S.K.: 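Mind having a look at this structure? Questions to follow.
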Amino acid sequence: GTPKPRKPASAATVKGYKVTLKAFGRYLQRRGTWPSNPFDMLRTKKLTAADRTRVNRALTPEQIDALVQAAPQRAVQEWRRTHPNPSAEHLEALRVEGIYRGRVYLTLAYTGLRVGELSALTWGELDLTAGQEIAEIEARKQKGRDDALVVLHPMLAEMLRRHRKERSTAEVRAGRGPVRDADRVFRVSSSLLRWLKLDAEWAGIGLCDARGRSTTVHGIRAGFNTTLRRNSTDPALRMRLMRHKSADLGLGTYDKVETDELRRELERLPVANALRLAAGSHSASVPAPVHSGPIEAGVGRSGPDATPHA
């Protein structure tokens, strides 16, 4: 059939192509295949907020709950809708797959791991001992290429213990033996984004929010950072939990501030009498007026009880 027309590549995609071409040219030059690198002439621009074609929304704990509940239900009900006589075995397989996908969502939401990192995570990298729950991720699996220590929430560790036990039982039943330390914790599908969007629509979360920000897998990581900020986590600790090399990422790119949050903070400001009068209101929701310094009796007041100047 006729191929679908593609949208123009984003500035980030174009920059990625240029960086890859330049690296490829340097490789061929070093091995003597080319006398020079023809791609050195390519110039890359520094990306700004205006270059973004998609902004991720930060998924909240409540939305993660909805996704986890939707994952097994949607798959089963959608299959029943399209297949009048489904087998009980297939429906059970879809339900179990949905449960495992929900566990992927939960692990991403409570560790801040990137999808690639979670895909490569093995049982041998987990210490699920009560009170010492951590994940030691090898540098080669990290975006920053540094060894990382990820502290696990106790409830998440309990979920992972249960997950390993269930996986071992299923593997033994299939004749493959129990789960080994070298086995991966999750079999993360390459279609995870597609399933996430389907689950989000089913759960009523939608593909984007009111501000046009998209529902994406990376938005789960952004939600982890934003939830830490809303819980008043120290910025230095938040940087460690997110495994960022700079606090700027946690305070900027990954921190999704909602309009309602800004409004609540603004409404906490003390209101001057002059503003109340200008707004035509004689009642105050915030009693303290704004003063820049000590005010003498009757001087600088703006209200019905103000004393006239002599």
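All of these numbers come straight from a predicted model, not from anything done at the bench.
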S.K.: Under the ring-ring contact (aromatic ring centres under 6.0 Å, His included) rule, what pairs show up with a residue in residues 164-215, not counting sequence neighbours?
M.R.: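 Of all non-adjacent pairs touching residues 164-215, those that pass ring-ring contact (aromatic ring centres under 6.0 Å, His included) are H163-F186.
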S.K.: Measuring from L113:CG to R221:CZ, what's the distance to the nearest 0.5 Å?
M.R.: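 Between atom CG of L113 and atom CZ of R221 there are 8.0 Å.
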S.K.: How far apart are the closest heavy atoms of Y105 and L196, and which atoms are they?
M.R.: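 Residues Y105 and L196, closest heavy atoms: OH-CA, 3.3 Å.
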S.K.: Locate the shortest heavy-atom distance separating A135 from L126; write the atom from each residue and the value.
M.R.: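 Closest approach of A135 to L126, heavy atoms only: CB-CD2, 3.5 Å.
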S.K.: Evaluate whether atom CZ of R161 has more than 12 neighbouring non-hydrogen atoms of other residues, nucleotides or ligands under 6.0 angstrom away.
M.R.: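 More than 12 within 6.0 Å, yes.
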S.K.: Are L192 and V185 connected, step by step, through hydrophobic side chains (Ile, Leu, Val, Met, Phe, Trp, Tyr) whose heavy atoms are closer than 4.5 Å?
M.R.: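 Cluster IDs for L192 and V185 match.
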S.K.: Salt-bridged, E117 to R243, with N to O below 4.0 Å?
M.R.: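 Looking at E117 and R243, the cut-off is met.
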S.K.: Are V188 and L156 linked, directly or through intermediate hydrophobic residues, by side-chain heavy-atom contacts shorter than 4.5 Å (ILVMFWY only)?
M.R.: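 Yes, L156 connects to V188 through the hydrophobic network.
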S.K.: What pair of heavy atoms forms the shortest contact from A157 to E133, and how long is it?
M.R.: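 Scanning both residues, the minimum pair turns out to be CB-CG, 3.3 Å.
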S.K.: Run the salt-bridge test on K197 and E201 with the 4.0 Å N-O cut-off and return the result as yes or no.
M.R.: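 Judged by the 4.0 Å cut-off on N to carboxylate O distance, K197 and E201 do not form a salt bridge.
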S.K.: Do L42 and F24 share a hydrophobic cluster, counting only Ile, Leu, Val, Met, Phe, Trp and Tyr and linking them when any side-chain heavy atoms are less than 4.5 Å apart?
M.R.: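 L42 and F24: one cluster.
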S.K.: Looking at V179, is its backbone amide N or carbonyl O close enough to the side chain of S168 to form a donor-acceptor pair, meaning the two atoms are under 3.5 Å apart?
M.R.: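 Checked: pair present.
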S.K.: T169 side chain to K165 main-chain N or O, any donor-acceptor pair under 3.5 Å?
M.R.: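 Yes, because the side chain of T169 sits within donor-acceptor range (under 3.5 Å) of the backbone of K165.
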S.K.: With a 4.5 Å limit on heavy-atom distance, are the side chains of T107 and M159 in contact?
M.R.: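 In contact.
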S.K.: Nearest 0.5 Å, what's the OG1-CG distance between T233 and L228?
M.R.: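 Nearest 0.5 Å value for the OG1-CG distance: 4.5 Å.
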S.K.: Working to the nearest 0.5 angstrom, can you tell me the gap between D209 CG and T215 OG1?
M.R.: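 The distance works out to 7.0 Å.
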S.K.: So, do H83 and H90 sit near enough that their side-chain heavy atoms are less than 4.5 Å apart?
M.R.: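 When only atoms from C-beta onward are counted, H90 and H83 do not touch, as no gap falls below 4.5 Å.
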S.K.: Check the pair R164, R167 against side chain to side chain contact (heavy atoms under 4.5 Å, CB included), reporting the backbone distance first and the verdict last.
M.R.: CA-CA 5 Å; R164 179 166 189 170; R167 291 297 304 165; 5.7 Å; no
S.K.: Please determine whether residues Y100 and I64 belong to a single hydrophobic cluster, defined as Ile, Leu, Val, Met, Phe, Trp and Tyr linked transitively by side-chain heavy-atom distances below 4.5 Å.
M.R.: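 No, no single cluster joins them.
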S.K.: Might you confirm whether atom CZ of R240 has over 12 heavy atoms from other residues, nucleotides or ligands at distances under 6.0 Å?
M.R.: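 Open: at most 12 neighbouring heavy atoms sit under 6.0 Å from CZ of R240.
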S.K.: Does D40 offer a backbone N or O that forms a donor-acceptor pair with the side chain of R43 under 3.5 Å?
M.R.: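 Checked: pair present.
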S.K.: Over 60° means perpendicular and under 30° means parallel, so tell me whether W34 and F39 are parallel, tilted or perpendicular.
M.R.: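 Tilted.
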S.K.: Quick one: closest heavy-atom pair of T60 and R230, and the distance?
M.R.: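 That closest heavy-atom pairing would be CG2-NH1, 4.0 Å.
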S.K.: Are the side chains of L118 and L121 in touch, meaning some heavy atoms are under 4.5 Å apart?
M.R.: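 A side-chain contact exists here, since the closest heavy-atom pair is under 4.5 Å.
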S.K.: Could you check whether D234 pairs with R229 (Lys NZ or Arg NE/NH1/NH2 to Asp/Glu carboxylate O, under 4.0 Å)?
M.R.: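 Here D234 does not pair with R229 in a salt bridge, since their nearest N and O are not under 4.0 Å apart.
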S.K.: Using a 4.5 Å cut-off on heavy atoms from C-beta on, say whether the side chain of R180 contacts that of D183.
M.R.: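 Answer yes - side chains close enough.
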S.K.: For residues 67-77, tabulate all N or O donor-acceptor pairs below 3.5 Å that involve a side-chain atom, not counting sequence neighbours.
M.R.:
residue: R74; atom: NE; partner: D199; partner atom: OD1; Å: 2.6
residue: R74; atom: NH2; partner: D199; partner atom: OD1; Å: 3.4

S.K.: Would V115 end up clustered with V150 when hydrophobic side chains under 4.5 Å apart are linked, directly or stepwise?
M.R.: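 In one cluster: yes.
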S.K.: Is it true that R187 and E171 make a salt bridge, defined as a side-chain N closer than 4.0 Å to a carboxylate O?
M.R.: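 The answer is yes: the pair qualifies as a salt bridge.
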S.K.: Are F224 and I220 close enough that some pair of their side-chain heavy atoms sits under 4.5 Å apart?
M.R.: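 Contact flag for F224/I220 side chains = no.
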S.K.: When you check the side-chain N and O atoms of N56 and S214, is any donor under 3.5 Å from an acceptor?
M.R.: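 Distance-only check fails for N56 and S214.
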S.K.: Do V217 and L108 touch side chain to side chain, with heavy atoms closer than 4.5 Å?
M.R.: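 SC-SC contact between V217 and L108 confirmed.
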S.K.: Do D127 and T129 have side-chain N/O donor and acceptor atoms under 3.5 Å apart?
M.R.: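 Side-chain D/A pair, D127 to T129: present.
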S.K.: Counting C-beta onward and ignoring hydrogens, is there a side-chain heavy-atom pair between L160 and L152 closer than 4.5 Å?
M.R.: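 They are in contact (side-chain heavy atoms under 4.5 Å apart), so the answer is yes.
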S.K.: Taking all atoms of both residues into account, what is the closest heavy-atom pair of E125 and A120, and its distance?
M.R.: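 Heavy atoms only, the tightest pair is OE1-O, 3.8 Å.
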S.K.: Evaluate the side-chain proximity of T227 to P61: yes if any heavy-atom separation is below 4.5 Å, no if none is.
M.R.: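 In short, these two side chains touch, coming nearer than 4.5 Å.
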S.K.: Kindly write out the residues that satisfy side chain to side chain contact (heavy atoms under 4.5 Å, CB included) with S190, not counting sequence neighbours, or none if the list is empty.
M.R.: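 Expected list: none.
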S.K.: What closest approach, in Å, do R57 and I205 show between heavy atoms, and which atom pair accounts for it?
M.R.: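 Taking R57 first and I205 second, the nearest heavy atoms are NH1-O, 3.2 Å.
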S.K.: Using salt bridge (Lys or Arg N to Asp or Glu O under 4.0 Å), reason through R103 and E166 one step at a time and then give a plain yes or no.
M.R.: CA-CA 13 Å; R103 291 175 183 175; E166 291 179 0; 3.0 Å; yes
S.K.: Measure the spacing between CG of L59 and CD of E62 and express it to the nearest 0.5 Å.
M.R.: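 The CG atom of L59 sits 11.0 Å away from the CD atom of E62.
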S.K.: To the nearest 0.5 Å, how far apart are NZ in K15 and OG1 in T20?
M.R.: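 Rounded to the nearest 0.5 Å, the NZ-OG1 separation comes to 12.0 Å.
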